[in-house]
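To start, the structure under review is shown below, and the notes come after it.
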Amino acid sequence: MYATQQDLVKRFGALELAQLTDPDAVLGAIDGERVALALADADHLINGYCGARYVLPLSPVPDVVVRIACDLARYYLHTIQPTDVVTANYKDALRQLADIAAGRLPLQAGAIPTPELEGASVLVEGPVRIFSALGGF
């Protein structure tokens, strides 16, 4: 996982997490299963954006990815109506993921190796040419 329940508590507070995961105060505490599900959903989305550019799972996990995972999970935990701040942070996280995928926001993580092209050649095969470049035979 890119973020933990403790990361969410540090960023948003235990009270908010308890209210989001146990809105009827049945447990009187944070519902760890709901938090784990939201964090897993965040991980899947992050992997979807980062998978073409980086070796998964990202290791070590860059701080920006921890924050993105927390913002995504917080949004997912708002099952009724997320606040404007939560929605804005979610949209910002999506923009940052798009930037990561496009290479505009590079991560300090293991990039997928690209094949070495030095000294390589390209062979093209096709049918015999019927007309010359001048249009004749």
ask   = So how far is it from Q96 CD to R104 CZ, rounded to the nearest 0.5 Å?
value =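 Q96 CD to R104 CZ: 11.5 Å, rounded to 0.5 Å.
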
ask   = Which distance, rounded to the nearest 0.5 Å, do you find between the CG of D92 and the CG of D99?
value =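 Reported value, rounded in 0.5 Å steps: 9.0 Å.
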
Taking the side chain as C-beta and beyond, is there a heavy-atom pair between [X] and [Y] under 4.5 Å?
{"X": "L45", "Y": "L94", "value": "yes"}
{"X": "V66", "Y": "R11", "value": "yes"}
{"X": "R34", "Y": "T79", "value": "yes"}
{"X": "V65", "Y": "Y54", "value": "no"}
{"X": "D41", "Y": "L72", "value": "no"}
{"X": "T4", "Y": "D7", "value": "yes"}

ask   = Taking the six-membered ring for Trp, are Y90 and Y75 parallel (under 30°), tilted (30 to 60°) or perpendicular (over 60°)?
value =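 Rings of Y90 and Y75: parallel, as their planes differ by under 30°.
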
Shared-cluster residues of V35, by chain and number - hydrophobic side chains joined below 4.5 Å =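 M1, L8, V9, F12, L17, L20, I30, L39, L77, all in the cluster of V35.
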
Donor-acceptor pair between N47 and Y2 side chains, under 3.5 angstrom =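 Present: a donor and an acceptor within the cut-off.
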
key: Any donor-acceptor N or O pair under 3.5 Å, side chains D84, T87   =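 Looking only at side-chain atoms, T87 and D84 do not form any donor-acceptor pair under 3.5 Å.
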
ask   = Is it true that atom CD of E33 has more than 12 heavy atoms of other residues, nucleotides or ligands lying nearer than 6.0 Å?
value =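 Open.
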
If you take all heavy atoms of [X] and [Y], which pair is closest and at what distance?
{"X": "A3", "Y": "C70", "answer": "CB-SG, 3.8 Å"}
{"X": "C50", "Y": "I100", "answer": "SG-CG2, 3.6 Å"}
{"X": "A29", "Y": "T21", "answer": "O-OG1, 4.2 Å"}

message = Taking salt bridge (Lys or Arg N to Asp or Glu O under 4.0 Å) as the definition, give me every residue that meets it alongside R67, ordered by chain and number, with sequence neighbours left out.
response =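 R67 satisfies salt bridge (Lys or Arg N to Asp or Glu O under 4.0 Å) with D71 only.
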
